[in-house]
Each structure stands twice: as C-alpha cells, then as structure tokens.
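Okay, structure first, notes after.
Lettering of chains follows the sequences in order, A, B, ..., and the numbering in each one begins at 1.
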Amino acid sequence: MTVTTADNTARAKGLTALANPTRFLALVRFVIWPLALATALAFAVGLWMSFSVPDDYQQGRTVRIMFVHVPSVWMAMGAYIVMVSGALGVLVWRHPLADVAARSAAPFGAAFTFLGLVTGSLWGEPMWGTWWVWDARLTSFLVLLIIYLGLIALWSAIEEPARSARLAAIVVLVGAINIPIIKFSVDWFTTLHQTASVVRMDGPALAPEFLYPLLVMALAFLLLFVTLHLAAMRNEILRRQIRTLQRKAARSARGGAA
Amino acid sequence: MTTLFGTKYFFYIAASYGITAAVLLSSIVFVILTHRRHRLRLRKLEESGLRRGGAKS
Amino acid sequence: MIALLKRDIRLALRSGGGAATALLFYLAVVIAMPFAVGPNPELLATIGPATLWVGALLAGLLGLDRLFQADSEDGTLDQMLLSPVALPAQVFVKSLAHWLVTGLPLTLMVPVFAVFLALDGTAVAATMATLLAGTPAISFIGAVGAAVTVTLPRGGLLLSVLVLPLCIPVLIFGVGAVRGAMTEPDPFLPPFLLVAAISLFFAVIGPFAAALALRQSS
Amino acid sequence: MKLVADDIAVMRGEELVFSGISFAVENGGALVIRGENGAGKSTLLRALAGLLPLESGKIEIQNVEPEFGEAKVPELCHYLGAENAMKAAMSVGENLSFWQDFAGQPHHKIDEALELVGLAGLGDLPFGHLSTGQRRRISIARLLVSYRPIWLLDEPTSGLDAESARQFAGLMEAHLADDGIVAAATHIPLGLAAAEEFELTGVAE
C-alpha cells in the first residue's frame with residue numbers, strides 16, 4: 001500500500017481514499033512520529049527565539065506572553081474551523097470520518113480557548129489591575145469556550161455515534177452562524193463600556209524581531225494541534241470499534257436472533 | 001536573559017508559560033493514555049469477539 | 001397548522017402546561033433582585049431592565065425542553081414527521097406557540113414588575129419594546145436546542161448550555177437598547193433594531209435547523 | 001393501488017435489523033407481520049411509513065387511483081404506533097378534533113368514530129382518565145376521523161379485551177371492503193378473514 005507522503009496539513013477528512021478507517025489508522029501510524037518530532041523542534045526553536053528577543057519598549061516584559069496567547073487564540077479558532085468542515089462533511093458529503101474529525105477537535109479547541117483566556121488575563125493584569133476585564137476579545141472567547149463545552153457535552157450525551165454526529169453537526173453550524181453575531185454584539189458591548197485602557201490584544205504593528213518568534217510559535221501550536229488531532233481521531237476510531245465489538249459480544253451472549 | 005527573572009513581570013510570564021505547558025502536556029499525556037487503554041481493551045475483546053476490521057496497531 | 005397552534009396554546013395554559021411555571025419563575029427572579037440588592041430606588045432603576053431581561057431569558061429556557069419531548073414521548077412527534085405539512089413550518093408554529101405562552105405574557109407583565117423595580121415610564125416602555133422584539137429569538141433559538149436534546153433523558157441542562165451562548169447577543173442588545181432609552185448619550189434605535197433583526201433571522205434559521213435535528217431522532 | 005416493498009433493508013443505529021424483505025399488498029388486502037420481538041416488526045412498519053431511512057431497496061405505491069394525485073407514501077398512510085399520540089391534559093373530543101384538523105381529509109365525525117369504537121359519549125372526558133384499553137380504542141378512533149387508504153398498525157390490539165379486539169377486526173374488515181390496505185405487526189391473531197402472513201426472521205447471525 002503506497003502511502004503518498006501526505007504533508008502534515010493534508011487532513012484525512014477531505015480524501016475519500018481515506019474514507020475507511022483501516023487505511024486512515026495506517027496513515028496515522030505512519031505520519032504521527034515525524035509530526036511529533038516536527039512539533040518538538042518547532043517548540044524548541046520558538047521558545048528559544050521568544051526568550052532571546054529584547055524587551056518591548058511599550059509593554060515591557062509581558063509582551064512575551066503574546067507568544068503564547070496569540071497562537072492559542074488562533075488555534076482556538078482553527079479548531080472551530082475544523083469542526084465546521086467536519087460538520088459539513090457529515091451533513092453534506094456523509095463522509096464517515098467527518099464526525100470523528102469534528103468530535104476529536106472539540107476538546108483541543110476548548111483547551112486552546114481556555115489557554116487564550118488565561119494568558120490574555122495574565123497579559124492584561126499588570127495594565128488593568130484586575131484579573132478579568134470585559135474586553136471584547138476575552139469576552140467573545142469566554143462565549144466560545146461555553147459553546148465548546150456545550151458541544152463536548154452533546155457529543156458525549158448521545159450514545160450512538162451515527163445520531164450524535166448529525167445532531168452535533170447541526171449545533172456546530174448554528175454556532176458558526178452565531179459567532180459573527182456574538183463577536184459583533186460583544187464588540188458593541190465593550191466599546192459602550194469603555195474600560196480604562198483598552199489593551200490591544202494583537203499588539204501594535206509588530207516589529208519584525210517580534211513577528212518571527214510569534215510565527216514560529218504559531219507553527220509549533222499548529223503542528224501540535226495536527227498531531228494531537230490525528231492521534232485523537234485514531235483514539236475515537238478505536239473507541240468505536242471497541243463499542244461495536246462489545247455490542248456484538250452482548251448480542252452473541254443473548255443467543256442472537258434466530 | 002538573566003535580567004528577566006528580577007522584574008516584577010516575571011510572575012506573569014512564568015505563570016502564562018507554565019499554564020500553557022501544563023495544559024498542552026496534559027493533553028498529550030491524555031491522548032497517549034487513552035490510546036494505550038483502547039488498544040488494551042481492543043486486544044482483550046479480540047480474543048473473545050470477532051475482529052471488526054481496523055489495522056493491527 | 002392553525003390547529004397545531006391552538007392545541008399547543010391550549011395545552012400550555014392547562015394546569016400541567018409550562019406557561020404558569022414560567023410566569024411564576026419570572027416573578028421569583030424579579031422579586032428576589034431587590035432583596036439581594038437593597039431597596040434604594042436609583043440602584044434598582046439601573047438594574048431593573050437587566051433583571052427583567054435575564055428573568056425573561058431564563059424563564060424562556062425553562063419551558064423549552066418540554067417543547068418536543070412531550071410530543072416525542074406520547075407518539076405525537078411521529079405523526080408530525082409523517083404529516084404532509086413541512087416540518088420547519090410546524091416547528092415555527094410550535095415555537096410561536098411557546099413564545100405566545102411565555103415570551104409575550106412576560107412582556108405584558110413588565111408594568112406590574114416596574115413598580116417593584118422603581119422603573120419610570122421610559123424604562124418600562126423601552127423594556128417592553130425590547131422584550132417584545134427579543135423574546136421570540138429565545139423561543140426560535142431554543143427550538144433548535146429542544147430538537148437536538150429531544151431524545152436525551154436529562155436534555156434540559158444540555159439545552160441551556162447549548163442555547164445560552166447563542167442568546168447572548170439578544171441579551172446584550174436588548175438591555176443596551178433600554179439603557180439607550182434611559183441615559184441620553186447612548187442610542188436606543190440601533191440596538192433595538194438589531195434585536196428585532198436577530199429575532200427575524202432566527203425565525204428562519206431556527207425552524208430549519210430544528211426540523212433537521214428532529215428528523216435525526218425518529 | 002398496491003403497496004410494494006422491494007428488497008428493503010433497514011439499519012437501526014449501527015445494527016442491520018433486516019434485509020432483502022420484499023412483499024406487496026393489493027387493495028382490500030391485509031398483511032400480518034409476525035416474528036418474535038426484536039425481529040424488527042416495528043422497525044419494518046416505521047420504515048414503511050417513512051419514519052426510518054432505508055439502507056437499500058425501495059418502498060412505493062404502484063398504480064395509485066387518480067383521486068390521490070401524486071401523494072407520497074407517508075401522506076397515504078395512517079401510522080398507529082405503540083404510543084397513542086394523544087394529550088392526557090386534553091379531552092377525548094379535543095384530541096380527536098385536533099387530529100382531524102391536522103391530518104385533513106375528514107372521514108367519520110368525532111361522535112361517529114367514538115360510536116364505532118364503542119366509547120360513545122366519552123367526548124368531553126379528559127384523555128388522562130381513560131383506562132389503557134380505552135386509550136387504545138381512542139387512538140384507533142383517530143384512524144377513523146380522517147381518511148388514509150393504508151393503515152400501518154403496530155400491535156394495534158395491545159391492551160384490548162376480546163370484545164374490543166373483535167370490534168376492531170370489524171373496523172379493519174370495513175376498511176378493507178372499502179379498498180383499503182392494512183399492514184399490522186402483531187403476534188395476537190387479529191381475526192381477519194383473508195390475511196397474508198409474513199414471517200420476519202431478523203438478521204441471520
């Protein structure tokens with residue numbers, strides 16, 4: 001079985017060749033270790049660069065938090081995009097792995113959103129003097145976190161993967177339609193209550209020596225997400241196989257149909 | 001690099017990197033552990049039940 | 001279709017129906033606030049509209065999980081799925097019935113509650129207007145949550161987690177509009193129109209998404 | 001009119017419930033679907049009614065009489081499920097008149113239908129106060145208040161005593177005489193004169 005050297009961003013979702021789980025599991029086993037290596041490498045370089053960069057004259061040392069905050073925020077949104085494409089895969093193309101992809105992306109999406117919130121609040125604290133300020137970005141990420149947790153609860157609440165796939169896909173899409181509305185209302189809400197100093201989360205136009213570490217860290221986060229996502233998809237497929245075997249064992253224990 | 005530790009911001013930077021590392025590492029560990037657990041249960045089921053397709057991992 | 005609307009309203013008004021409980025819950029929320037915050041009128045006046053809005057949102061969510069679950073349990077949902085009438089239209093009618101029985105009465109009760117919360121004329125008018133425009137959105141978004149959780153035993157909890165984030169824009173613009181009416185610099189009309197726009201938007205999206213979800217659970 | 005099932009297979013969740021099922025029921029014909037529970041009798045009826053997607057094969061109505069136009073299968077069927085589809089808080093009359101308005105094609109009047117199931121005069125009694133047997137007969141009355149040529153019945157006589165079961169058999173005979181079609185899943189004999197039997201053996205393991 002010749003596995004084309006799929007580069008790490010070629011998700012299994014789109015390729016119909018990978019529709020059946022067995023070939024997908026083989027691909028994951030083939031790709032997972034090089035990906036893990038690349039992730040570790042990217043993190044090493046990223047961290048080294050972010051610590052060797054001089055202090056930013058405006059925001060003092062805390063700008064280093066940006067190297068962690070901004071990639072988390074990007075990946076939080078990236079995970080939701082993965083879920084939306086998974087949801088479309090389920091509802092439109094009925095791709096068997098689409099739900100597996102969407103379902104395994106959700107926990108990491110929630111983790112990155114949580115990280116975005118924590119690092120954002122840590123970054124702002126010196127300026128604002130409090131741990132939480134109803135700043136537009138932080139607020140919309142808080143709402144995104146609730147949406148993620150709701151989806152994770154929905155996926156685990158419904159026993160049958162076939163049904164939970166389509167129901168979760170509907171909620172993912174309705175959520176996706178809502179995110180711009182929420183973003184718009186939160187921006188309006190926060191600009192109305194003008195806080196003392198609005199911290200510009202994505203920072204002023206970044207001087208190049210800040211941009212490179214940021215991009216490398218972002219790449220590291222992306223590689224990590226891809227690796228974890230593929231591994232989580234593998235776990236999900238194994239979980240479903242276990243479930244099928246258990247039901248088969250239960251049925252044969254009942255003597256089965258005539 | 002050394003000047004970094006003396007400043008009052010050190011706490012915030014350390015905290016944010018620390019929490020990020022904690023969350024990311026725990027996700028990695030979680031994924032690996034569930035993978036091992038599933039493979040174990042799958043092997044146990046294999047002896048008794050019919051193997052429903054899926055690569056030998 | 002009209003029959004469905006009439007039946008649903010009649011059912012909700014009957015003793016076991018959700019309408020009475022939603023109104024009582026709303027009363028409880030509004031009464032509790034002054035006790036929690038203290039009696040001084042200015043403070044009450046500023047948080048009055050917010051209390052009425054949050055109460056309306058929570059009371060709306062309260063009755064939603066039974067919107068389809070009752071029909072699913074007694075077999076009526078099967079008949080709805082079979083009927084030649086388009087399912088989204090039926091969901092629209094059921095959500096409308098839910099709004100007529102929870103959202104509307106809450107709005108009409110605002111002048112009564114205004115007395116407890118020391119609200120003046122403009123505040124009452126603004127709150128009623130925004131609630132009238134905003135509570136339908138709660139019913140229509142809630143219908144999606146109700147349809148998704150129809151087969152789950154404890155669906156109510158999951159429904160609130162799924163629906164609450166989607167209702168936040170309605171809450172923000174609703175209360176924002178009322179504040180706009182009360183304090184001079186802030187605008188009343190733009191947020192008010194946005195609330196109405198959101199309601200209309202979900203009057204279309206909600207029933208289709210809910211119908212799709214109901215089809216999955218047959 | 002002929003109700004035709006052509007090599008249909010249905011999945012419930014991830015399990016294949018049955019496959020390769022084919023049969024046809026003519027006007028005035030009745031089909032009794034037998035099989036122990038779990039063999040998929042209810043699933044087959046729900047698939048016929050269009051409540052469940054078919055894994056393969058197809059269900060169609062052949063040579064439909066012109067007066068039905070090109071109505072789809074679900075619009076030509078009455079589906080009587082295990083549940084009675086009635087609201088306990090509403091009276092019997094309100095329930096039945098709701099179903100008459102909702103389903104369209106009014107057939108018998110409410111009181112007539114109540115007569116036919118032997119519950120005349122219970123119109124304004126809340127549905128919740130009835131016994132299981134009476135409730136079942138009211139849900140049968142629902143089939144009478146609006147007209148559908150095809151009756152899909154899932155354990156129709158559950159909870160009925162011998163007398164009401166006989167009465168129900170009479171109603172079905174009347175429906176068949178009126179060129180209707182009946183497909184019932186049950187293991188209690190329905191007492192119908194001419195009824196094809198169909199054994200559902202479930203999936204060979």
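When all heavy atoms of A:Ile147 and C:Pro165 are compared, the pair lying nearest together is CG1-CB, 3.6 Å. Residue A:Trp188 comes nearest to C:Gly176 through the heavy atom pair CH2-CA, 3.7 Å, listed as atom of the first residue, atom of the second, then distance. Scanning both residues, A:Arg163 and C:Gln216, for their nearest heavy atoms gives CD-O, 3.1 Å.
Against chain C, the residues from residues 164-175 of chain A that qualify, each with a non-hydrogen atom under 4.5 angstrom away, are A:Arg166, A:Leu167, A:Ile170, A:Val171, A:Val174, A:Gly175 in number order. Proximity to chain C among residues 148-161 of chain A is limited to A:Gly150, A:Leu151, A:Ala153, A:Leu154, A:Ala157, A:Ile158, judged by heavy-atom separations below 4.5 angstrom.
Residue A:Phe114 qualifies as open at atom CZ: its count of foreign heavy atoms under 6.0 Å is 12 or below.
Interface remark: C:Val148 contributes backbone and side-chain atoms alike to the contact with chain A (heavy atom separation under 4.5 Å). Interface remark: C:Leu158 contributes side-chain atoms only to the contact with chain A (heavy atom separation under 4.5 Å). Interface residue C:Ile198: only side-chain heavy atoms are found under 4.5 Å from chain A. Of the atoms belonging to C:Leu194, it is side-chain heavy atoms, and not backbone ones, that fall under 4.5 Å from chain A. Both the backbone and the side chain of C:Leu212 come within contact range of chain A, with heavy atoms under 4.5 Å apart.
Per-residue heavy-atom pair counts under 4.5 Å with chain A were compared for C:Val161, C:Val170, C:Leu166, C:Leu162, and the maximum is reached by C:Leu166. Across C:Leu171, C:Ile168, C:Thr151, the residue that shares the most heavy-atom pairs under 4.5 angstrom with chain A is C:Thr151. Interface check for chain C: of the options A:Leu144, A:Val143, A:Ile179, A:Leu91, the most heavy-atom pairs under 4.5 Å are formed by A:Val143.
Looking only at side-chain heavy atoms (C-beta outward), C:Phe202 and A:Asn178 come within less than 4.5 Å of each other. Contact check for A:Ser185 versus C:Phe173: side-chain heavy atoms found under the 4.5 Å cut-off. Contact annotation: the side chain of A:Ile177 approaches that of C:Phe201 to within less than 4.5 Å [non-hydrogen atoms, C-beta and beyond].
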